[in-house]
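To keep things clear, I will list the structure first and then write my remarks on it.
Start at 1 and go down the list; that is how both ligands and their atoms are numbered.
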Amino acid sequence: MTFKSGRHFLQIPGPTNVPDRVLRALSQPVIDHRGPEFSRLSLEVLDGLKKIFKTSGAVVVYPSSGTGAWEASLANTLSPGDKVLMFETGHFATLWRNVAQRLGLDVDFVPGDWRHGVDPKIVATKLEADSEHAIKAVGVVHNETSTGVTSRVADVRRAMDRAGHPALLLVDTISSLASIDYCHEEWGVDVTIGCSQKGLMLPPGLGLNAISAKALAASKKARLARSYWDWEPMLSDNKNGFFPYTPATNLLYGLREALQMLFEEGLDQVFARHKRHAEATRRAVNAWNLELLALDPQECSPSLTAVLMPDGRGADTLRTLILERFDMSLGTGLGKLKDKIFRIGHLGAFNDLMLAGTLCGVEMGLAMSRVPSSKGGVAAALDYLSSTAH
Ligand SMILES: Cc1ncc(COP(=O)(O)O)c(C=O)c1O
């Protein structure tokens, strides 16, 4: 291994760069999780998270990855054999479907091409046809991290309302929370799933559920087996700032600092920053003459961009070269997109010059590996960034 000078560029779409302020907050001494200081800390972060999810309802925080928060959303609201409507928007939607099936749910998985988001018209058609109300929940991945496609959750909600269907709406915001505007309450979402390692700028280790009153009522009747994920003891202990088991103490210190940073910047500015960086990235991709995986411009993700390799060229050869030569990690193609795409993460703690450096690394990598492409992507992005800087 040759010595790498300077900072690694972590441009995968999560885990994302952890800001120095958060790293310092994480490094505080561990405290007693049954003492008064911890209780103040957790009440503060639980309150702050409500502003991030845009809800006045409960938010729970598990010491877990996002997959745990997926399982919690299903295990707390549904019963064995319940029918669930899900959409094959990409790799993560498929993994969530697998979790549901393993829990004993009956999933209607609407096929997709991994280049589009959830079609609200299909939601309406499926629910209107379900006059018996056999479908108990609709599961949507807001931002498909494997494809860089964002689904229109508010439109899905409207479709459900128009169909007059009582199914719960469960939404995965793992790579959109605190990066792409999201309104748990206003959009009538019943359970929103999130985690720490993306827009919240923390290391992996916290899984989140935001819970509506309707989801809470459903949880009283839901019969799927649950223990670790059970909302009930969590919500009961959280009232006083405590947890039913040992929480991830130091991650909560980091969370407090990350929330503070997001509020200092202002959520609207955070969302605008992500959109602007995504637009600059797409301009670079167009100038390189490469193809975006996302086919519908209104569904292009503000938090990451997936790029198709031309002429059957392997994406992983390019990624390896960029890692070895420029010390930058780009996202790999997942599932059936393995080796066919690379993903540029532009979410979390990120700024114009970090994006410029990222795009420089890609453009140099494309040239060095002789991938058929044009020059000028960086210039196109810089033109856009400089003309929109304020
Ligand atoms: C959209 C989405 N959902 C779920 C997950 C699973 O989260 P985890 O790997 O933290 O379990 C990921 C991980 O990247 C994701 O991007």
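Scanning all protein heavy atoms for the shortest distance to atom 5 (C) of ligand 1 gives F92 CD2, 3.6 Å. Of the protein's heavy atoms, D172 OD2, 2.6 Å lies nearest to atom 3 (N) of ligand 1. Atom 7 (O) of ligand 1 has its closest protein heavy atom at G66 CA, 3.6 Å. Nearest protein heavy-atom contact of atom 6 (C) of ligand 1 is T67 OG1, 3.8 Å. Of the protein's non-hydrogen atoms, W70 CZ2, 3.1 Å is the one closest to atom 4 (C) of ligand 1. The protein non-hydrogen atom at the shortest distance from atom 14 (O) of ligand 1 is K198 NZ, 2.7 Å.
Using a 4.0 Å cut-off between heavy atoms, N143 contacts ligand 1 through its backbone alone, with no side-chain atom that close. Counting heavy atoms closer than 4.0 Å to ligand 1, residue E144 contributes nothing at all.
Taking any N or O of S65, backbone or side chain, at least one lies under 3.5 Å from an N or O belonging to ligand 1.
Between the choices T145, L95, T89, the shortest heavy-atom distance to atom 16 (O) of ligand 1 belongs to T145.
By the 6.0 Å contact criterion, CD on Q298 is enclosed, its count of non-hydrogen atoms from other residues, nucleotides or ligands being greater than 12. Shown here is Q101, whose CD atom has more than 12 heavy atoms of other residues, nucleotides or ligands within 6.0 Å.
Ligand 1 is approached by Q197 to a heavy-atom distance shorter than 4.0 Å.
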Check against side chain to side chain donor-acceptor pair (under 3.5 Å), N351 and H277: CA-CA 8 Å; N351 63 30; H277 287 154; over 6 Å; no
Test log, rule salt bridge (Lys or Arg N to Asp or Glu O under 4.0 Å), inputs E44 and R256: CA-CA 7 Å; E44 190 181 336; R256 177 163 69 185; 3.5 Å; yes
Step-by-step side chain to side chain donor-acceptor pair (under 3.5 Å) determination, W231 to N209: CA-CA 9 Å; W231 289 338; N209 276 179; 3.0 Å; yes
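Remark: the backbone N or O of R34 is paired with a side-chain donor or acceptor of D32 at under 3.5 angstrom. The backbone N or O of A93 lies less than 3.5 Å from a partner atom in the side chain of E144, making a donor-acceptor pair.
Side-chain contact check for S175 and T145: at least one donor-acceptor pair (N or O, by modelled atom type) lies under 3.5 Å.
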